[in-house]
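Written out below as structure tokens is the structure these notes cover.
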There are 2 protein chains.
Amino acid sequence: MTASIKDVARAAGVSPATVSRALGKGPISEALRAQVMEAVRATGYRPNLAARRLRSQESGTIGLILADIGNPFFTGVGRAVEEAAYQAGLRVILCNTDEDPAREAIYLRLMQEERVTGLILAPTLVTAERLARQPLGLPVVLIDRAGPPGRFDSVLLDNAAASGALVDHLVGQGYRRIAGLFGQTSGTGLERAAGYRAAMARHGLAARERFVLPQVAAAETALAALLAEPLPPEAVLASNSLLLMGLLRAARAAGRRIPDDLALAGFDNESWTELVEPGLTVIEQPLREIGRMAMTLLFDRLRAPEAPVRKVMLSGRCVVRGSTARRRVAAAVPG
Amino acid sequence: MTASIKDVARAAGVSPATVSRALGKGPISEALRAQVMEAVRATGYRPNLAARRLRSQESGTIGLILADIGNPFFTGVGRAVEEAAYQAGLRVILCNTDEDPAREAIYLRLMQEERVTGLILAPTLVTAERLARQPLGLPVVLIDRAGPPGRFDSVLLDNAAASGALVDHLVGQGYRRIAGLFGQTSGTGLERAAGYRAAMARHGLAARERFVLPQVAAAETALAALLAEPLPPEAVLASNSLLLMGLLRAARAAGRRIPDDLALAGFDNESWTELVEPGLTVIEQPLREIGRMAMTLLFDRLRAPEAPVRKVMLSGRCVVRGSTARRRVAAAVPG
DNA sequence: ACGGCAACTGAGAACGTTTTCACTGCCCGG
DNA sequence: CCGGGCAGTGAAAACGTTCTCAGTTGCCGT
């Protein structure tokens, strides 16, 4: 088939060991090294990674398992991870689970079989639990979602603070009846809900939270229901961008003007949140920092397997746009 | 470290060969198979893919090299490819080049070293050329971008027809001065430009085309320049979603109402094209079909390495929205 | 009852590397 | 002038599989 190290050795008139040394590290004379390189060129030799990995017992690879590759948050983090890994001479196996625990299980098994050096993942709630009960036997760093406390190195947005910031902002703009819509499949939704609840309590306001599947359609029906209630909310907060999109669509479908009839705020500063009219107020996550920090935690863990578990919280940035403009009290509300 | 097949063999009281057969295919008694499976469970054995690949001389893996993982077009196609590969029992190595020829070169080399079974990629112009001159020695299917004619199996949108459909639509809506903005790094931009040019000629209209880097900012400056010309266009067509986004931003920045002052149309039915006011008219690409067809071509090529090269063109769907509403002739244009 | 065949199992080679170990010169200090 | 590193090189083992080949059964047909 393709040329092996033996073919190169033959072509260069040296032993396979010498070729290996010329390609990698090891004592070798400059003359022979050049000779070998020439033979490599002549034969079109490409090292066989499978053989290399088998012999050296290290894959030189880390796994990156993301919940939704269509979500700019994850692609952004993924880019940063890949970049950091590449600089460290590591390859990345990228997998997409679409929030499906079955696919998560498949990929986790794959990572073991690939003998990856370490793993960065954004797990669903059930998989995080399962992982805590049955460790994989390899270094794991969680991103975006917290697992059981104290079990995994993780790098997260300070979700509670971010939700709180949104609530504070809305209250500051004059809104009082603020509802919250949260995804129910990940720990992140729960944390953001908790932050929302705490902030509302701090302001002496009643929380109104709904938990739904993280899908556009789910948010649409949820908002329709909220708007049909006796005292509909003046503002709604969504815990991720899909839900926020659903809110926008449903508000428009219901003929509500934004922000006059209904203010909206959410998470993730995707390009469309700016292009839409009015622009949507969102929490922007530090994607690159999250990715880089995840790699840092992973490296540290590899270096010190028994070091205490670390949980890094990065804070988001509140990007204020028209969807949460100061509330203009309706001209005349009888009663 | 982790348990090997020998450990399992010892635990089950059989030979390694038997364990291998129990796990894979091969004649083995039901009793022993159960016995082995029990030992696998007891030892927590996970097969070592590196060893398996080395011995069996097949990676069970295909490569997928995409130009921009942040682009919903590519993530959509990637999903379909991965799904089809998984059903065929193949893994996928996913790489993102960000349109950078240097990174393409790195990943192409990686694919060779991983001994992938086949490769699906969306190359830049220069890499497609290079690949035609120096074949990789493994089956390659191009997606989204045509390489040198007759050299690679490929699956593409019928770009010329799609551009033509947009022009026809605009003309039908009453627009005459229609400019086109095209990406210059990929073959796709060129094809769409050609389709635009041909359609304009068919209608007896003068083509006005600009080639720019496929970036939002590039489109913004290009449109600003176009609008500053003596007879600014009534409509502009963009060859990809980034450029379309730039057009929208620049039009708004210039205070042009859409579609009254300027109609817009482009490619790729991303979620924001619907959410924006007015909705943008776009060509929707059949993402899943493209991905599936790419896998089909790859399988066929593996089965018949010497079969003639195939080029599959899929047609897009024109999604009409408000950005190309029928032209209302300005009330009074002196002269 | 015996040869042969089918079904199953084990021993061992092989896949392409890296790495240990041993060996060869050679230089240097004594 | 001789012994001891030291730098460079090759031989061979090892990594964890799969697969060929050669048994070893047990069964069937005659």
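Note: hydrogens, waters and symmetry copies are ignored here, and every other heavy atom, side chains too, is used. The structure presented is a predicted model; accordingly, all values stated were derived computationally and were not measured.
Phosphate proximity of D:dG10 to A:Thr18: present, with a side-chain N or O under 4.0 Å from OP1 or OP2. Phosphate contact (OP1/OP2 of C:dT18, side-chain N/O of A:Ser20, threshold under 4.0 Å): present. The phosphate of D:dG16 (OP1 or OP2) has a side-chain N or O of A:Gln57 nearer than 4.0 angstrom. Dashed line: the shortest gap from a side-chain N or O of B:Ser15 to OP1 or OP2 of C:dT9 is not under 4.0 Å. Taking 4.0 angstrom as the limit, B:Arg52 places a side-chain polar atom (N or O) nearer than this to OP1 or OP2 of D:dT18.
Using a cut-off of 4.0 Å between Lys/Arg side-chain N and Asp/Glu carboxylate O, B:Asp153 and B:Lys311 are scored as not salt-bridged. With respect to A:Glu82 and B:Arg103, a salt bridge is recorded, a charged nitrogen being found less than 4.0 Å from a carboxylate O. Under a 4.0 Å N-O distance rule, the pair B:Arg115/B:Glu58 does not qualify as a salt bridge.
For the pair A:Arg151 (side chain) and A:Ala132 (backbone), a donor-acceptor distance under 3.5 Å is present.
We find that CG of B:Leu32 is positioned 4 Å from P of C:dT9, with the value rounded to whole Å. Between the P atom of C:dT9 and the CZ atom of B:Arg33 lies a distance of 10 Å, rounded to the nearest Å. Rounded to whole angstrom, the span from the CD1 atom of A:Ile28 across to the C1' atom of C:dT18 amounts to 14 Å. Rounded to whole angstrom, the span from the CG atom of A:Leu23 across to the P atom of C:dT19 amounts to 13 Å. Atoms CD (B:Glu58) and P (C:dG16) sit 14 Å apart, rounded to a whole Å. Rounded to an integer number of Å, the gap from CG of A:Asn48 to P of C:dC15 is 12 Å. Put simply, NZ on B:Lys6 is 9 Å from P on D:dA14, counting in whole angstrom units. As a whole-Å value, the separation of A:Ile5 CD1 from D:dA12 P is 17 Å.
Mapping A:Arg55 and B:Ser29 onto DNA chain C by nearest heavy atom places B:Ser29 closer to the 5' end of the strand.
When heavy atoms are screened at a 4.0 angstrom cut-off, A:Ser4 is found touching the sugar-phosphate backbone but no base atom. Note on A:Leu54: a base of the nucleic acid sits closer than 4.0 angstrom, heavy atoms only. Using a 4.0 Å heavy-atom criterion, one finds that B:Arg53 contacts no nucleic acid atom at all.
Between B:Val309 and B:Phe152, the shortest heavy-atom distance links the atoms CG1-O, 3.3 Å.
Judged by distance alone, with hydrogens and angles left aside, B:Arg46 brings no side-chain donor or acceptor close enough to the base of D:dG16 to form a pair under 3.5 Å.
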